[in-house]
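Everything on this sheet refers to the single structure shown next.
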Amino acid sequence: MQEVHVMGQYSQLAVGDIYTFLEACGVTLLVTLVSLVLGTLLGTALGLVRCSKNKIISSLPLIIMEPLRNSPLVVQLFLVYYGLPMVFGILLDAYPAAILTLSLNTAAFFAVLVHNSITAIPVSQWEAGYALGHGKASTFVNVIFRQALRLLIPQAITLYINQLQCSSMISLISLRDICRIGQLVSVRTMQPFLVWGIVFALYYVISFPLARLASYLEKRVNFSY
Amino acid sequence: MAMIEVKNITKSYGDHTVLKDFSVDFDQSGVTVILGPSGTGKSTLLRCINGLEKTNSGDILVDGLSVNDKKNLKQIRMTCGMVFQHTVIFPHLNVMENLIMSPMKILKTPKGEAIDKARYYLKKVGLESKEKSMHNELSGGEQQRIAIARALMMNPKALLLDEITSALDPEMTREVQNVLESLAADGVCMLCVTHEMSFARDVASRILFLDGGSIVCDAPKDEFFGKIRQENDRINKFLSFIGE
Amino acid sequence: MYRLSFRFLENPQYQELLKEGVINTLIITFFCLIFGFLIGLIVAMMRRSKMKVLRGFGAFWVDFLRNTPFLVQLFFFYHSLPRLGIELDPVIVSIIALSINTSAGNCEVIRAGLMAVKKSYYECAAALGLSTFQTVRHVVLPISLRVAFKPLVSNFVNLILTTSTCFSITVVELMGASKIINGRVDRPFEIYLLLLVAYCCITFLISMISKAVDRKIAITL
């Protein structure tokens, strides 16, 4: 062991690395979770506006949604992290930059899901609500929203998993998330198979159960109109 | 030698035996209508003849070729054209392309020739105006008539028709039957599984009555609707039940 | 008030860099499109196979690729291939990693397309005398690919966006070139905004074309 240290800059994977990886998991999960919460809230708002009957109002959210959905997350991240501070003359820390970008990105995709889920509910369901004496708001809350939610949840989970994978991009603005630590440790130990194996496993362990849950819920959604 | 020889076939799905030690011959002549209650193996018989279902035992010879030999299947399927209850008009091809695909790909018929032939059969089924239509622009009856024309494109010696009007409303059923009647008049050999008694009465030459996986009665039409009906209680009940 | 300046675009040196970036992005996209589709098709066939081993492998392939980040997959190949004595150009490493990554999405889409071809289609084709190969060639594939066309295009758009990740292993594609230019002129807002707009334009163009094509080939089952 000693020799390895003396001879080269490479070192074995050490016990300390376990803590580093755990910390990294914390970073990944923190950034992802905060962004998902913010993104979901904003996305729901945008999605509801998209459902407006007024064509002009309903297309307004597209102005921010489309660029976010049709450009790479890295570019968005760099634009926010390096670009915005230049324009506004402020210093933006990596954490807020990462969370801001991921939240906006999540919101754009979430809004589409919300919009699609609501429009997927047939008009006959609205009519049924009205026929029972519900007002517009009441029909929405009691009839439409609950059905839309059942369509939405599995797709939302899939989106969340996807955003978790996307969160690895924050390593490119040097946040010490799982991916970044993997990179550092892999270079240091020269054991790419072991280190990236651990990284794969960490992401997989978080994602896979969620993916299973999503496909289970998806199968349970069995509407027949 | 009969054109189709069914020799002691047994066919079961899991524990459920549909055809038991079943034998019958079909010549290349006239229209044979296969009658019987649901689930008695009528469709299964046709599907076995065409090699779509594998029999558990026994053999079927079509023009002397065994369906048990995979190499014969192509020839057998060209000898026996088949139309189903839910026939598929291929959705990516228009009517004309549906008709000329198999002759061009299998018989290597030149395109011009295939098109001429297709027009002939489209006229025969009364749909010469639908050449360019896609499947979703056709009614159920029209789809079945196209399917009949498509089967005829391969010059089959016999047509196997598996409840082809069961999913149609009366008007469309009539259209399809008119086509079948005119084909019968032309001497096309047909094996039909059907519930349309009027068709059996008007067009059939031979009636095969199945129940419980075996033949109850195999007789010429007149005999079936006359003497046999009076004598055989089971057949009488069945015919009365479906309103004959 | 911040004043935008795109003066750097007039510098031929940077134009040259951007050109290189575009070319590399195109190269990676092109090869990944082909390989990603082919691998996806093969894995989709595996997932429909009668052999349990193949089905299991196909399912794992898709699950694994979808539940781990592309960036990690990319680094994995970049770091581990040299370890096996395979020294490849980063562009090629990117093509390998991204082809494999997109194959997962393509596999699922193709599989859904294949499932859209119901048993009755196979029976009809068989009853007409078509061989298994002819059935696949003239009936199954034309129908499933039409069904799969739209989602395949959306995978393709995704692929283009994902190529931007490859700059992280030193590939000078669009994003990489922009990063280098930014390092020299320090105009991150302009450069990345421009890049964002460029990607939006590309994807917009593709979705326009695909809509036109889809109108031609769309089928109702």
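In what follows, every chain begins at residue 1, and chains take the letters A, B, ... in the order their sequences are listed. The structure displayed is predicted, hence computed values, not measured ones.
Chain A forms the most heavy-atom pairs under 4.5 Å with one residue out of T68(C), T203(C), I202(C), and that residue is T68(C). When the candidates F189(C), F70(C), F167(C), Y78(C) are compared by the number of heavy-atom contacts under 4.5 Å with chain A, F189(C) comes out ahead. Among L195(C), V197(C), N182(C), the residue with the largest count of heavy-atom pairs under 4.5 Å with chain A is L195(C).
Remark: N67(C) CG to I206(A) CD1 distance equals 10.5 Å, nearest 0.5 Å. Taken to the nearest 0.5 Å, the CG atom of N158(C) stands 7.5 Å off from the CG atom of N162(A). Atom OH in Y82(A) sits 6.5 Å away from atom NZ in K179(C) (nearest 0.5 Å).
Between I191(C) and F78(A) there is no side-chain heavy-atom pair separated by less than 4.5 Å. Contact check for V75(A) versus L174(C): no side-chain heavy atoms found under the 4.5 Å cut-off. No side-chain heavy atom of Q76(A) sits under 4.5 Å from any side-chain heavy atom of Y192(C). With a 4.5 Å cut-off on side-chain heavy atoms, D186(C) and M86(A) count as touching.
Using a 30° and 60° split on the angle between ring planes, W196(A) and H79(C) fall in the tilted class, from 30° to 60°.
A donor-acceptor pair is defined here as one N or O able to donate and one able to accept, closer than 3.5 Å; such a pair exists between the side chain of R83(C) and the backbone of M190(A).
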Item to complete: Output, in order, the C-alpha distance, side-chain angles, deciding distance and verdict of side chain to side chain contact (heavy atoms under 4.5 Å, CB included) for D63(C) and F208(A).
Response: CA-CA 8 Å; D63(C) 272 340; F208(A) 187 67; 3.3 Å; yes
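Contact detail for P192(A) and S80(C): the closest heavy-atom pair is CG-CA, 3.7 Å.
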